[in-house]
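In what follows, a single structure is set out as structure tokens and then discussed.
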Amino acid sequence: SEIMRKPVQPNKAIVSSNAFSHSSGIHQDGVLKNKLTYEIIDPEEVGAEESKIVLTARSGRSALAFRFQKLGFQFNRNDIDALYQEFLKVADIHKEVKEENLQQLAKQYQSTEHSIA
């Protein structure tokens with residue numbers, strides 16, 4: 001990209017910013033269970049930091065639970081089912097559900113005393 005003076009397209013295989021990003025529910029679940037399912041190369045081998053689980057309207061419950069866990073929230077299966085319905089509302093509004101959206105969802109859910117975190 002430096003030599004050509006053109007940025008790398010975000011969807012360019014292996015070297016782009018989205019090469020190790022997963023937003024589809026079935027894809028995310030596979031990567032969370034075993035990275036080799038969809039990543040035959042370690043992201044660090046090509047200069048990427050790590051895989052990304054990008055939350056969109058196509059994401060599933062396992063990706064949502066994973067991202068909540070990374071933020072320090074521990075929700076059980078019933079909690080995730082309830083949160084998922086609210087998550088879908090946010091995902092319909094935003095293209096990508098960000099960390100601050102998840103924080104807000106978790107805090108709202110906890111404030112209704114549905115969960116013990």
Heavy-atom check, side chain of F73 versus side chain of Q110, under 4.5 Å
yes
Provide the full list of side chain to side chain donor-acceptor pair (under 3.5 Å) pairs with a residue in residues 91-104, sequence neighbours left out, each pair given once.
none
If you look only at pairs with a residue in residues 35-48, which of them pass as a salt bridge (Lys or Arg N to Asp or Glu O under 4.0 Å), with sequence neighbours excluded?
none
Considering only heavy atoms from C-beta outward, does the side chain of T37 approach that of V31 to under 4.5 Å?
no
Can you check whether L102's main-chain N or O pairs, donor with acceptor, with R67's side chain at less than 3.5 Å?
no
Under the rule for ring-ring contact (aromatic ring centres under 6.0 Å, His included), what residues qualify as partners of H27, not counting sequence neighbours?
H22, Y38
Roughly how far, to the nearest 0.5 Å, is the OG atom of S62 from the CD1 atom of I26?
8.5 Å
Between V90 and L71, is there a shared hydrophobic cluster once you connect ILVMFWY residues whose side-chain heavy atoms come closer than 4.5 Å?
yes
Nearest non-hydrogen partners of Q28 and S23, listed with the distance:
NE2-CA, 3.4 Å
For V54 versus S21, what's the shortest heavy-atom pair and its separation?
CG2-CB, 3.9 Å
Please identify each residue that fulfils side chain to side chain donor-acceptor pair (under 3.5 Å) with K33, with sequence neighbours left out.
D29
Looking only at heavy atoms, which two atoms of Y84 and S59 are closest? And how far apart?
OH-O, 2.8 Å
Sequence neighbours left out, what passes salt bridge (charged side-chain N to carboxylate O under 4.0 Å, His left out) with R58? Give chain and number order.
none
Decide if atom CG of L88 counts as having more than 12 heavy atoms of other residues, nucleotides or ligands within a radius under 6.0 Å.
yes
Can you tell if the side chain of V97 reaches within under 4.5 Å of the side chain of T56, non-hydrogen atoms only?
no
CG on L64 to CG on L55, rounded to 0.5 Å
6.5 Å
By ring-ring contact (aromatic ring centres under 6.0 Å, His included), which residues pair with F68, not counting sequence neighbours?
F75
Nearest atoms (heavy-atom pairs only) where N78 meets Y109
O-OH, 4.5 Å
